[in-house]
Every structure is written in structure tokens, then in C-alpha cells.
Chemist: 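Sharing a structure below in C-alpha cells format, with a few things to ask.
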Amino acid sequence: MRVAVFSTKPYDREFLASANEIAGHDLTFYEPRLTVQTSALAAGFPAVCAFVNDQLDAQVLLSLARQGVRLIAMRCAGFNNVDLRSAGQLNLTVARVPAYSPHAVAEHTVALILALNRKVHKAYNRVREGNFALDGLMGFDLLGRTAGIIGTGKIGAVVARILHGFGCKLLAHDVVENPEIKALGAEYVPANDLFAAADVITLHCPLVPSTYHLIDEEALVRMKRGAMLINTSRGALIDTKAVIRALKSGRLGSLGLDVYEEEGDLFYQDLSNHVIQDDVFSRILTFPNVIVTGHQAFFTHEAMQAIARQTLQNITAFERGERPPGLVTVEKVVAC
Ligand code: NAD
């Protein structure tokens with residue numbers, strides 16, 4: 001099947017081309033993000049392959065459908081950037097990769113927790129400058145601390161297992177309870193109770209209308225003074241401006257982000273010679289107790305292989321008139 005692949009970097013091309021040796025599709029790689037302006041590049045392609053920051057709103061989907069696109073194959077787990085209702089109305093099939101390596105994201109989450117706690121980002125710079133002083137580098141033992149996990153699906157469950165290994169007490173919050181988490185001794189509690197009791201709060205639920213700005217002023221006020229907040233899920237789970245206020249006042253002790261609500265204009269590009277225009281993001285970067293990575297939690301060899309393979313499997317199934325294994329339906333969004 002002819003596929004227009006948007007937002008591609010050399011590593012995307014490498015993994016997709018390698019998996020395609022078996023799948024045998026006709027892939028055309030485009031570097032630009034999919035937007036209204038670039039949607040014309042999909043003319044003549046029955047399938048489009050897109051990523052986390054591609055724009056798949058009603059306007060873009062209409063443009064794609066008018067050009068003959070019938071399949072949107074997301075090469076990621078999240079699909080919050082796809083207007084599923086419009087896709088349904090336009091008879092566009094949407095597929096994603098629901099599970100590739102929950103370990104990749106979970107391990108990155110724990111990397112952020114450990115680095116923030118033990119101030120690895122500061123220690124790294126200090127030692128390189130010959131400064132071996134320890135002032136300001138003190139952390140805490142994770143043993144016995146309370147970790148609050150919001151969203152205990154595939155990734156949240158792996159995070160729970162790792163933190164259980166550190167000897168953390170686990171609190172969980174989800175709309176569905178996961179028996180695997182309960183077997184670890186985790187207690188499911190309402191979100192407000194989790195906010196009040198957790199030393200480390202980590203977000204692993206999808207971005208849907210009910211989770212938009214889940215971490216807002218009110219949630220932050222309920223948190224323990226000095227709590228650590230980690231978000232490797234989707235940026236808009238957090239009200240960034242409220243988080244900045246909480247960091248300024250010291251109410252929030254530290255913040256680890258792999259995602260940011262306005263990341264689309266920033267991430268996956270080298271902007272080191274540009275002046276960043278996003279003042280909220282720039283402010284976030286000024287805090288010593290904040291670590292930001294650029295949506296890289298998924299980025300392991302194993303995950304990239306699995307993403308490429310499963311994306312192409314979705315395309316193959318669609319081409320054969322079968323149900324793609326990663327089919328996304330409107331009901332899926334409503335259910336969340
Ligand atoms: P999953 O579907 O297995 O788990 C999500 C969990 O969130 C489910 O248990 C679901 O019941 C729960 N949930 C839904 N609505 C909720 C709500 N209102 N409150 C609390 N919990 C709720 O998904 P997953 O594979 O674990 O992925 C989780 C998220 O991680 C994805 O939605 C995606 O946005 C993000 N992600 C990020 C990266 C990255 O590179 N940073 C990579 C993959 C996935």
C-alpha cells in the first residue's frame with residue numbers, strides 16, 4: 001500500500017524501512033509535520049502514517065479524505081491529536097500501536113524520579129567544573145516513601161513494579177482497577193487522597209477530556225509540600241502555568257517532564273540556534289528542581305522496532321480488508 005509517512009527523522013526511516021522488508025509497502029518519507037499546510041503531500045496516498053505532534057484535526061482530516069486517504073496509521077500509543085469523530089464521519093480508519101514497550105516509558109519515568117531526587121543533572125555539571133561540593137545535592141531514600149500512580153494500565157503497571165522493587169508504598173488511581181497492581185499491595189484511592197499522601201506522583205493515564213489539566217491549581221494545593229510530580233504521558237494532563245506557580249512557592253518540590261502541552265512547536269527539532277518564543281516553557285527551564293526531556297520516553301531500540309512492525313501490521317490488515325489490530329474507535333475515547 002502507498003503510505004505517506006509524516007514527521008520522519010532518520011531513525012524513523014531506519015526502523016520503518018527495516019520492518020518494511022517483510023511488510024512490503026510503498027513508503028514515502030516526509031520530514032515535515034502533518035498540518036493543514038503540508039496535508040497536500042498526501043495526495044494520491046490511500047494511507048498516512050503520523051506521530052504524536054502531527055495535526056489530525058477536522059480540517060486536516062477533511063483535506064486528507066478529499067485527496068483519497070482512507071487510513072490513518074499512528075505510529076504511537078496516544079491518539080489525543082486525532083479528531084476521531086471527524087475521522088468516523090469521513091469514513092477514515094484510524095489505527096495506533098497500543099502496546100510496544102511499556103518498559104521503555106516506565107524506565108524513563110523512573111530515570112526522571114531518580115535523577116531529580118539525587119540531583120544528577122546538577123551533580124553532572126558540578127563535577128565537570130571541578131566542583132565537588134555536596135551542598136544542595138541531598139535527596140531522600142525511596143524506600144518507605146509513598147508513590148502515587150495515576151493510570152495503572154500497561155505503563156503505570158510497570159512503573160508500579162519497579163517502584164515496588166525500591167520498597168515504595170504504592171497508591172493508585174484509575175477508572176479501572178488493575179489486579180496486578182493490587183497484588184503488589186497497592187491501594188486504589190480517590191485522586192484527592194493520592195495527591196494528599198504521595199511523595200512522588202506519576203501520571204500514566206491518557207489525555208482525554210476528563211483528564212485535561214488533571215493537575216491544576218486545586219490538585220497542587222492538595223499535594224504534600226515538596227512532592228515530586230512526573231509526567232511522561234501527555235503534556236496537557238498538567239496546567240503548566242499552575243505548576244510554575246507551585247514551583248515558585250515551593251509547594252511543588254520537583255518536576256520531571258517528558259511531555260509539554262505546547263510541545264508541538266518545540267520538540268523533535270534542533271532549536272539550539274533559535275530564541276525560544278514560548279515564555280511558559282522558557283520559565284519551566286529556569287528552575288533548578290525541574291528536568292525536561294523532549295518526549296523521548298518511548299525511544300529505545302526495542303520500542304522503535306515494535307512500533308515499526310506493528311504500524312506496518314495495521315496497514316497490512318487494512319489493505320487486506322481485515323480489522324487492524326490497533327484499530328481506534330470513537331467508543332474507546334468515550335470509555336476513557
Ligand atoms: P493504557 O491504556 O494501558 O493505560 C492507561 C490507563 O489510564 C488505563 O488503565 C485507564 O483505565 C487509565 N485511565 C483512563 N482514564 C483515566 C482517568 N480519568 N483517571 C485515571 N486513570 C485513567 O495506556 P499506556 O500504554 O499505559 O499509556 C499511558 C499513556 O502514556 C498513553 O495514553 C500515552 O499518552 C502515554 N505515552 C507516552 C509515551 C512517551 O514517549 N512519553 C509513550 C507511550 C505512551
Side-chain angles (χ1 to χ4, degrees), residues 7 9 11-12 51-54 74-82 84 96-113 148-162 170-182 186 188-195 198 201-216 219 230-238 256-261 263-264 266-268 291-304 306-307 310-311 325-329 331-336:
S7 295
K9 302 288 180 197
Y11 45 81
D12 294 305
F51 195 46
V52 291
N53 290 324
D54 284 314
M74 301 299 296
R75 53 178 195 282
C76 53
F79 49 87
N80 50 283
N81 51 334
V82 187
L84 288 183
R96 64 170 179 142
V97 181
Y100 41 91
S101 171
H103 300 275
V105 183
E107 289 170 15
H108 191 79
T109 302
V110 178
L112 288 176
I113 294 173
I149 301 169
I150 300 189
T152 54
K154 291 175 287 294
I155 295 169
V158 179
V159 170
R161 281 210 298 276
I162 299 172
L170 300 177
L171 292 180
H173 175 73
D174 199 312
V175 288
V176 185
E177 295 192 357
N178 182 343
E180 192 197 331
I181 305 284
K182 289 181 101 171
Y188 276 89
V189 293
N192 285 343
D193 294 357
L194 184 149
F195 294 146
I201 297 169
T202 180
L203 308 179
H204 302 290
C205 55
L207 175 62
V208 289
S210 65
T211 58
Y212 176 78
H213 283 186
L214 176 76
I215 305 299
D216 57 7
I230 306 287
N231 186 10
T232 60
S233 190
R234 283 294 180 266
L237 294 178
I238 286 183
L257 297 180
D258 186 51
V259 286
Y260 167 60
E261 50 186 330
E263 70 180 46
L266 295 168
F267 290 1
Y268 303 128
I291 297 182
V292 181
T293 53
H295 207 146
Q296 67 168 80
F298 71 97
F299 199 48
T300 66
H301 191 90
E302 291 79 0
M304 289 296 287
I307 289 170
Q310 291 180 42
T311 300
L327 183 73
V328 181
T329 57
E331 295 74 51
K332 179 131 193 75
V333 168
V334 176
C336 292

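Because the structure is a prediction, the values reported are computed rather than measured. Every number for a ligand or one of its atoms is a count from 1 in the order of the listing.
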Chemist: Over 60° means perpendicular and under 30° means parallel, so tell me whether Y100 and F298 are parallel, tilted or perpendicular.
Modeler: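 Plane angle over 60°, so perpendicular.
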Chemist: Output, in order, the C-alpha distance, side-chain angles, deciding distance and verdict of side-chain contact (heavy atoms from CB on, under 4.5 Å) for D12 and K9.
Modeler: CA-CA 5 Å; D12 294 305; K9 302 288 180 197; 3.6 Å; yes
Chemist: Just by modelled atom types, is the E177 backbone N or O under 3.5 Å from a matching donor or acceptor in the D174 side chain?
Modeler: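 The answer is no, because no donor-acceptor pair under 3.5 Å joins these two groups.
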Chemist: Below 3.5 angstrom, do we get any N/O pair linking K154 and ligand 1?
Modeler: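 Yes, there is a polar N/O contact under 3.5 Å.
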Chemist: Using heavy-atom distances only, which candidate in I181, V175, V97 approaches atom 16 (C) of ligand 1 most closely?
Modeler: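 Going through I181, V175, V97 one by one, V175 has the nearest heavy atom to atom 16 (C) of ligand 1.
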Chemist: Give the atoms of ligand 1, by number and element, whose distance to some non-hydrogen atom of T211 is under 4.0 Å.
Modeler: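 Under 4.0 Å from T211, ligand 1 has these atoms: 17 (C), 18 (N).
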Chemist: Is it the side chain, the backbone, both or neither of Y100 that has a heavy atom closer than 4.0 Å to ligand 1?
Modeler: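 Under 4.0 Å from ligand 1, Y100 contributes side-chain atoms alone.
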Chemist: Under the side-chain contact (heavy atoms from CB on, under 4.5 Å) test, which residues partner S7, sequence neighbours left out?
Modeler: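 Residues passing side-chain contact (heavy atoms from CB on, under 4.5 Å) with S7: R33, F51, D54, R75.
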Chemist: Only counting residues at least two apart or in another chain, list the ones meeting side-chain contact (heavy atoms from CB on, under 4.5 Å) with H204.
Modeler: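 Scan of H204 (side-chain contact (heavy atoms from CB on, under 4.5 Å), adjacent residues dropped) gives T109, I149, I155, V159, T202, T232.
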Chemist: Which of the atoms of ligand 1 are close to F298, meaning less than 4.0 Å from one of its heavy atoms?
Modeler: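 Selected atoms, number and element: 40 (O).
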Chemist: Backbone or side chain, does any N or O of Q296 fall under 3.5 Å from an N or O of ligand 1?
Modeler: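 No; every N/O pair is 3.5 Å or more apart.
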Chemist: So, do D193 and H173 sit near enough that their side-chain heavy atoms are less than 4.5 Å apart?
Modeler: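 In short, these two side chains do not touch, never coming nearer than 4.5 Å.
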Chemist: With rounding to the nearest 0.5 angstrom, report the CD1 to CG distance, I238 to N231.
Modeler: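 Taking CD1 in I238 and CG in N231, the distance rounds to 4.0 Å.
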Chemist: Near D258, which atoms of ligand 1 are under 4.0 Å from a heavy atom of that residue?
Modeler: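 Those atoms are 39 (C), 40 (O), 41 (N).
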Chemist: Would you give the length of the straight line joining atom CG of L203 to atom CD1 of I215, rounded to the nearest 0.5 angstrom?
Modeler: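 If I round to the nearest 0.5 Å, the distance is 5.0 Å.
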Chemist: Could you tell me, atom by atom, which parts of ligand 1 come under 4.0 Å of a heavy atom of S210?
Modeler: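 Ligand 1 atoms under the 4.0 Å threshold to S210: 18 (N).
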Chemist: Hey, does L207 sit under 4.0 Å from ligand 1 if you only count heavy atoms?
Modeler: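 Contact absent.
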Chemist: For the pair F267 and V52, evaluate side-chain contact (heavy atoms from CB on, under 4.5 Å) and give the outcome as yes or no after the intermediate values.
Modeler: CA-CA 10 Å; F267 290 1; V52 291; over 6 Å; no
Chemist: Under 4.0 Å from any heavy atom of R234, which atoms of ligand 1 are there?
Modeler: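 With R234 as reference, the close atoms of ligand 1 come out as 33 (C), 34 (O), 35 (C), 36 (N), 37 (C).
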Chemist: Can you name the atoms of ligand 1, numbered from 1 with element, that are less than 4.0 Å from a heavy atom of A297?
Modeler: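 In order of number, 39 (C), 40 (O), 41 (N).
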Chemist: When rounded to the nearest 0.5 angstrom, what is the spacing between CE in M74 and CZ in F79?
Modeler: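 Reported value, rounded in 0.5 Å steps: 10.0 Å.
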Chemist: Taking A99's backbone N and O only, do any of them form a donor-acceptor pair with Q310's side chain (distance below 3.5 Å, no angle check)?
Modeler: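 Yes; judged by distance alone, with no hydrogens or angles, the pair exists.
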Chemist: Where on D174 is there a heavy atom closer than 4.0 Å to ligand 1, on the side chain, on the backbone, on both, or on neither?
Modeler: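 For D174, backbone and side-chain atoms both sit under 4.0 Å from ligand 1.
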Chemist: Where does I155 meet ligand 1, judged by heavy-atom distances below 4.0 Å: at the side chain, the backbone, both, or neither?
Modeler: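 Near ligand 1, I155 shows its backbone as well as its side chain.
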Chemist: Below 4.0 angstrom from a heavy atom of H295, which ligand 1 atoms are there? Numbered from 1 as shown, please.
Modeler: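 Under 4.0 Å from H295, ligand 1 has these atoms: 39 (C), 40 (O), 41 (N).
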Chemist: At under 4.0 Å between heavy atoms, which part of H108 makes contact with ligand 1: side chain, backbone, both or neither?
Modeler: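 Answer for H108: neither.
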Chemist: What do you reckon, does S233 put a non-hydrogen atom under 4.0 Å from ligand 1?
Modeler: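 Within the 4.0 Å threshold, so yes.
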Chemist: Show the atoms of ligand 1 that are less than 4.0 angstrom away from any heavy atom in V105.
Modeler: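 Under 4.0 Å from V105, ligand 1 has these atoms: 38 (C), 42 (C), 43 (C).
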